[in-house]
Protein chains: 2
Amino acid sequence: MSPQRDGQSGPSVTGRVLGILSAFGPGAEALSLSGIARAAGLPLSTAHRLVGELAAWGALERGEDGRYRIGLRLWEVGALAPRSLGLRERAMPYLEDLYEATRQNVQLAVRDGHEVVYVERLAHPEAVRVFSRVGGRMPLHATGVGQVLLAFAHASVQEEVLAGPLSALTPRTVTDPHALRRTLAGVRREGVAVCDGMVDLLSLSVAAPIRGEDDRVVAAMSVVVPSAGSDPRTIVPAVRATARGISRALGSPSARRRPSGVVTAPPGAAGGPAHAGRGT
Amino acid sequence: MSPQRDGQSGPSVTGRVLGILSAFGPGAEALSLSGIARAAGLPLSTAHRLVGELAAWGALERGEDGRYRIGLRLWEVGALAPRSLGLRERAMPYLEDLYEATRQNVQLAVRDGHEVVYVERLAHPEAVRVFSRVGGRMPLHATGVGQVLLAFAHASVQEEVLAGPLSALTPRTVTDPHALRRTLAGVRREGVAVCDGMVDLLSLSVAAPIRGEDDRVVAAMSVVVPSAGSDPRTIVPAVRATARGISRALGSPSARRRPSGVVTAPPGAAGGPAHAGRGT
DNA sequence: GCGCTCCTTCCGGTGGCCGGAAGCTCGATT
DNA sequence: AATCGAGCTTCCGGCCACCGGAAGGAGCGC
């Protein structure tokens, strides 16, 4: 409907092709030819030709109902994105352990511009329903992982977000720039973000930063639990330890040495991730 | 190097763009501009223009080293592929449980033409090294999931594969058409494929089919364990039960009713997947 | 039957694409 | 330090591949 960044791609053929791909999105996984043409702002015959070529290559697939969907081949190419697969591959075992221990929702996300993109998500069917989805986007200021990524992003990014409008997903979302600035400072100080009822009123998320080779924050992870009856205190150590473990797996220098003291998470509440302690 | 399906895409602009995407692949996650031009068979200036447009949109990203990688935006679009995300999303919890129980490698794959494409993989860092990777391809006849997908594929597909050359990954790979035909019959009869040392000599895989709404086999899953010291007998029931659970989650009619008798997997060896038994 | 939507094919005009060539930036080599 | 080479970027005129209106077919609901 709203021409966000669809046909705007310019009149070049490449732009049109990308416009066609943009027509697909969450909630629009399958489109008819004319649907694509409409969404991409292309004449039907043009769309027909381009879509035909894309389908022949495998970027799109045509279902029995005649509608087009994203094809396996395009998925394959997309899977090569280093910020998804490379990260995911290494982080998975740690996320696994945390998931297993908490039996809730575990998420992995990266930042793209002023939004957070969810790269991986382990969700227990009976866990609290969570809004995000793999490949989905959310505003930075309103989510746990988003606040972490924002807190450790370049100052210019922070200023831009603080300057822009801060949408409220729930009454509890931080929308005041000053409050957000304070929150971010807290996140930097604590190394975790705790967001209660910001995305939806029933869930609470605890997020921590993941660092890469050069020690910059490259991703964030979080655990989402029911808001009621959960004590963040029991979760924070586990999240912190897991994030640290992933950072080490990615080669972060600051995560090299064993966490001084005892941070391996209490075995009682949220069982110590098996890998967090062992290097090899 | 070898012009497999690169520049062949035809002289249309769309073909060139897709050729550029084809330049990336396993083992070629990052390419320089001239590398792309070479792989796609394009003049440098042409590649430069097209790549620039792709990068501006987010289909490609340029690293600090100047090389291009697949961009997050393309990954996002690819994640909409129903055969990856839709399937994955529903299968995950079951795979989780199986992974947790076995602490080995759990894989999920679909068929594309004469190859198997791995859609998901849970790998324990200390488990037996496995050759496949998410987004990777393998021949149908040589892998556990491949044999399952082949056994339940349309007869024409089977004939084509049986007619074509059957490459040998190890001395133990089935390369004789008659033997393969017999193997496939066995897979259909048993509902599982057991492949010992076919991909590499050290690992053994047990695979089972996953059925969709119309009861057709839409995917396959497998567990890969060390060849030495593993008894398939202890794994088969767990794999079967998990595959059945996923089938039910996908709406397969034949997986509706409780498995007659006791197939919920022995709790000892490979702990019963928590979801396999309970519906809601 | 009639109208509707959606899909497919065709074809002539033209504007976007092509790609050679020249200039630039880096780093390696002598 | 000068030279070389590999890779990247920009420019621009000619040409051809792309565009998209129009016409025809298929399927469906009224």
Side-chain angles (χ1 to χ4, degrees), chain A residues 1 3 5-25 27-71 82 214, chain B residues 1 3 5-25 27-71 82 214:
Chain A
M1 277 292 117
R5 29 176 164 180
D6 306 331
Q8 316 306 69
S9 306
S12 82
V13 181
T14 310
R16 288 166 210 252
V17 168
L18 296 175
I20 288 175
L21 297 184
S22 305
F24 294 86
E29 289 92 357
L31 294 173
S32 68
L33 176 59
S34 45
I36 295 174
R38 216 175 303 125
L42 294 174
L44 195 57
S45 58
T46 301
H48 180 256
R49 184 167 25 83
L50 296 178
V51 164
E53 236 172 323
L54 289 172
W57 185 80
L60 299 180
E61 282 174 6
R62 188 159 202 185
E64 296 179 2
D65 57 357
R67 294 193 301 171
Y68 293 91
R69 286 151 232 270
I70 298 296
D214 52 1
Chain B
M1 279 290 117
R5 30 175 164 182
D6 305 331
Q8 315 307 67
S9 307
S12 81
V13 181
T14 311
R16 288 167 211 252
V17 168
L18 295 175
I20 288 176
L21 297 184
S22 305
F24 294 87
E29 288 93 356
L31 295 172
S32 68
L33 176 59
S34 45
I36 295 174
R38 215 175 303 124
L42 294 174
L44 196 57
S45 58
T46 301
H48 180 256
R49 184 167 26 84
L50 296 179
V51 164
E53 235 170 323
L54 289 172
W57 185 79
L60 299 180
E61 282 174 6
R62 188 157 205 188
E64 296 178 2
D65 56 357
R67 294 194 301 170
Y68 292 91
R69 286 151 233 268
I70 298 296
D214 51 2

Study note, to complete from the structure: Each nucleotide of nucleotides 12-30 of chain D classed B (base within 4.0 Å of a protein heavy atom), S (only sugar-phosphate) or -, in 5' to 3' order, makes ------SBBB---------

Rounded to whole Å, how long is the line connecting atom [atom1] of [X] with atom [atom2] of [N]?
| X | N | atom1 | atom2 | answer |
| --- | --- | --- | --- | --- |
| A:Leu44 | C:dT9 | CG | C1' | 12 Å |
| B:Asp65 | C:dG27 | CG | P | 13 Å |
| B:Arg67 | D:dC8 | CZ | C1' | 15 Å |
| B:Ile36 | D:dT9 | CD1 | C1' | 15 Å |

Closest heavy-atom contact between [X] and [Y]?
| X | Y | result |
| --- | --- | --- |
| A:His48 | A:Leu33 | CD2-CD2, 3.6 Å |
| A:Ala23 | A:Ala28 | O-CB, 4.0 Å |
| B:Pro82 | A:Arg69 | CG-CD, 3.7 Å |
| A:Glu53 | B:Leu18 | O-CD1, 4.2 Å |
| B:Ala37 | B:Leu44 | CB-CD1, 4.0 Å |

Review point. Below 4.5 Å, heavy atoms only, C-beta onward: do A:Tyr68 and A:Leu54 meet side chain to side chain?
Key: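 Counting from C-beta outward, A:Tyr68 and A:Leu54 never come under 4.5 Å.
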
Practice item. Determine the contact category for B:Arg62: base if any of its heavy atoms lies under 4.0 Å from a base atom, sugar-phosphate if only primed atoms, P, OP1 or OP2 are that close, otherwise nothing. Key: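 Counting heavy atoms under 4.0 Å across all strands, the contact made by B:Arg62 is with sugar-phosphate only.
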
Exercise for review: Find the distance between CG (A:Leu50) and OG (A:Ser45) and round it off to the nearest 0.5 Å.
Suggested key: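 Answer rounded to 0.5 Å: 9.5 Å.
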
**Study point:** Euclidean distance, B:Ser22 OG relative to B:Ile36 CD1, rounded to 0.5 Å
**Key:**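 Here the rounded value is 11.5 Å.
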
Point to revise | Options D:dG7, D:dT10, C:dT8, nucleotide nearest the side-chain atoms of B:His48 | key: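 Closest of the options to the side chain of B:His48: D:dT10.
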
Review point. Would you say a side-chain N or O of A:Ser34 is under 4.0 Å from OP1 or OP2 of C:dC7?
Key: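 Yes.
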
Exercise for review: Using five pairs at either end of the helix from C:dG1-D:dC30 to C:dT30-D:dA1, determine the angle between the two local helix axes and round it to 10 degrees.
Suggested key: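 Both end axes considered, the difference amounts to 40°.
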
